[in-house]
Amino acid sequence: MPELPEVEVTRIGLLPHVRGRRVTGIAVRNPFLRYPLPPDLGARVVGRTLAGIARRGKYLLFDFEPGVLLVHLGMSGSLRLVPADTPPDRHDHVDLLFEKRALRLRDPRRFGAMLWLDKDSGAHPLLRTLGMEPLSDTLTGEVLHLALRRRSAAIKQVLMDSHVIVGVGNIYASESLFRAGIRPSTAAHRISRSRCARLVEAVKSTLQDALAAGGSSLRDFVGSDGKPGYFQQQYFVYGRVGLPCRLCGAPIRSLRQGQRSTFYCPHCQR
DNA sequence: CTGGTCACCTGGAAGC
DNA sequence: TGCTTCCAGGTGACCA
């Protein structure tokens, strides 16, 4: 999916256009996402004013005061604002109508989600168990070192575990480990305190750089304005198997971890 | 609790 | 050209 930067780019892009606006209708063309759409979604949001959009991990939280509309983009989801009369594509499953414009959810693979959470949305099972926000001050090298103590799994897989840290997906896990100079296969609990500090800085800088570039243009992703991001031009390792490392020239290698591809430089990462 | 595997779904690219 | 196989941003459920 869109990882944290792409989700945040979407949030920031939408916010000024929809905050304070009233939902005038909805259109559901296919309610079968990862979870079925709530049958009463229309009754919950139509006529309500959107107070703001928050983000927790890769979840977008549309605040309608009495409750929250939770949206997850899965692997292939995107949200865009289009003129309300724009003909839908075959994977445009849901529209939230705001007067003359539609906030349109497109998701070819349908791994995404759209749910209604009543007050106290943070207590929802999907949100309650989430780990630390990587860009918050909560995440420090010390805290990460502690969190990794009982984890013998490979650091790449622990980095992607949303119950530890949220928002770091397959692309940014590889990129962060490259920046930190750490082998993705290293057992998490064998990483020293000082290397954890370096890793935390690498995760933060990777996500921030991606955010500044407007995210990555993924196969199925476009930002809320329909424009692509450019961060993929800055990838050090992701998708670069066989190509020379941008720092040392050694050929980038790949391996499989938990049925996902990992990329790393055998010389820069130990 | 932890780690490993599977499933969910569609489409594009590569291989034969 | 057409069919088959593999691969893709996520993550909850299930098992040992």
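Quick note on labels: first sequence line is chain A, next is B, and so on, each numbered from 1. From a predicted model like this one, the values you see are computed outputs, not experimental measurements.
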(request) Among the candidates B:dT10, C:dG12, C:dT11, find the nucleotide nearest to the side-chain atoms of A:Leu126. (result) C:dG12

Contacts under 3.5 Å, N or O only, protein and nucleotides 13-15 of chain C:
none

(request) Figure out the CD/P separation between A:Gln257 and B:dT5, and round it to whole Å. (result) 12 Å

(request) Give a yes-or-no answer on whether the side chains of A:Arg21 and A:Thr49 include a donor-acceptor pair shorter than 3.5 Å. (result) no

(request) Identify which nucleotide among C:dT11, B:dG3, B:dT10 has an atom closest to any side-chain atom of A:Arg151, counting heavy atoms from C-beta outward. (result) B:dG3

(message) Please give the distance between the P atoms of B:dC6 and C:dC6 as a whole number of Å.
(response) 14 Å

(request) Send over the distance from A:Tyr59 OH to C:dG10 P, rounded to a whole Å. (result) 12 Å

(request) Applying side chain to side chain donor-acceptor pair (under 3.5 Å), name anything that partners A:Arg44, two or more places apart in sequence or on another chain. (result) A:Asp40

(request) Specify the separation, in whole Å, of atom CZ of A:Phe32 and atom P of B:dT10. (result) 12 Å

(message) In whole Å, I'd like the distance from the CE atom of A:Met75 to the C1' atom of C:dG10.
(response) 6 Å

(request) Using a cut-off of 6.0 Å, state whether more than 12 heavy atoms not belonging to A:Arg150 lie near its atom CZ. (result) no

(request) Classify the nucleic acid contact of A:Tyr238 as base, sugar-phosphate or nothing, counting any heavy atom under 4.0 Å across all strands shown. (result) sugar-phosphate

(request) Return the nearest nucleotide to the side chain of A:Arg260; candidates are C:dG10, C:dA8, B:dT2. (result) C:dG10

(message) With a 4.0 Å cut-off on N to O distance, would you call A:Arg80 and A:Asp89 a salt bridge?
(response) no

(message) Once you apply a heavy-atom cut-off of 4.0 Å, does A:Arg110 come out as touching a base, just sugar-phosphate, or nothing?
(response) sugar-phosphate

(message) Heavy atoms only, 4.0 Å cut-off, all strands: where does A:His189 land among base, sugar-phosphate and nothing?
(response) nothing

(message) Check this one for me: any side-chain N or O of A:Ser162 less than 4.0 Å away from OP1 or OP2 of C:dG10?
(response) no

(request) Using atom CD of A:Gln157 as one end and atom P of C:dG10 as the other, report the distance to the nearest whole Å. (result) 13 Å

(request) Inspect the contact between A:Lys58 and A:Glu3 and indicate whether a charged nitrogen and a carboxylate oxygen are less than 4.0 angstrom apart. (result) no

(message) Please confirm whether the shortest side-chain N or O distance from A:His163 to OP1 or OP2 of B:dC1 is below 4.0 Å.
(response) no

(request) Would you check if A:Phe111 stacks with the base of B:dC8, given a 5.5 Å centroid limit and a 30° plane limit, both strict? (result) yes

(message) Only pairs with both distances under 3.5 Å count, Watson-Crick or wobble alike; so what is the partner of B:dT5 in this structure?
(response) C:dA13

(request) Output the single nucleotide from B:dG3, C:dC7, B:dG11 whose closest atom is nearest the side chain of A:Ser261. (result) C:dC7

(message) Can you confirm whether A:His267 is buried at NE2, in the sense that more than 12 heavy atoms of other residues, nucleotides or ligands lie under 6.0 Å from that atom?
(response) no

(request) Report the nucleotide, chosen from C:dG12, C:dT11, B:dG4, that has the shortest atom-to-atom distance to any side-chain atom of A:Ala153. (result) B:dG4

(request) Output the single nucleotide from B:dT10, B:dC6, B:dG4 whose closest atom is nearest the side chain of A:Gln259. (result) B:dC6

(request) Check whether the ring centres of A:Tyr235 and A:Phe178 lie less than 6.0 Å apart, and answer yes or no. (result) no

(request) Specify the separation, in whole Å, of atom CD of A:Gln232 and atom C1' of C:dA8. (result) 15 Å

(message) Under a plain distance cut-off of 3.5 Å, with no hydrogens placed, do A:Gln257 and A:Thr262 share a side-chain donor-acceptor pair?
(response) yes

(message) On DNA chain B, compare the nucleotides closest to A:Arg90 and A:Asp161; which residue's is nearer the 5' end?
(response) A:Asp161

(message) At less than 4.0 Å, is any side-chain N or O atom of A:His72 found next to OP1 or OP2 of C:dT11? Yes or no.
(response) yes

(message) Using whole Å, what does the distance between atom P of nucleotide B:dC8 and atom CZ of A:Arg34 come to?
(response) 12 Å

(request) Take the protein atom CE of A:Met114 and the nucleotide atom C1' of C:dG10, then report the distance between them rounded to whole Å. (result) 17 Å

(message) Please give the distance between the P atoms of B:dT5 and C:dC7 as a whole number of Å.
(response) 16 Å

(request) Enter the distance from A:Arg183:CZ to A:Arg270:CZ here, rounded to the nearest 0.5 Å. (result) 5.5 Å

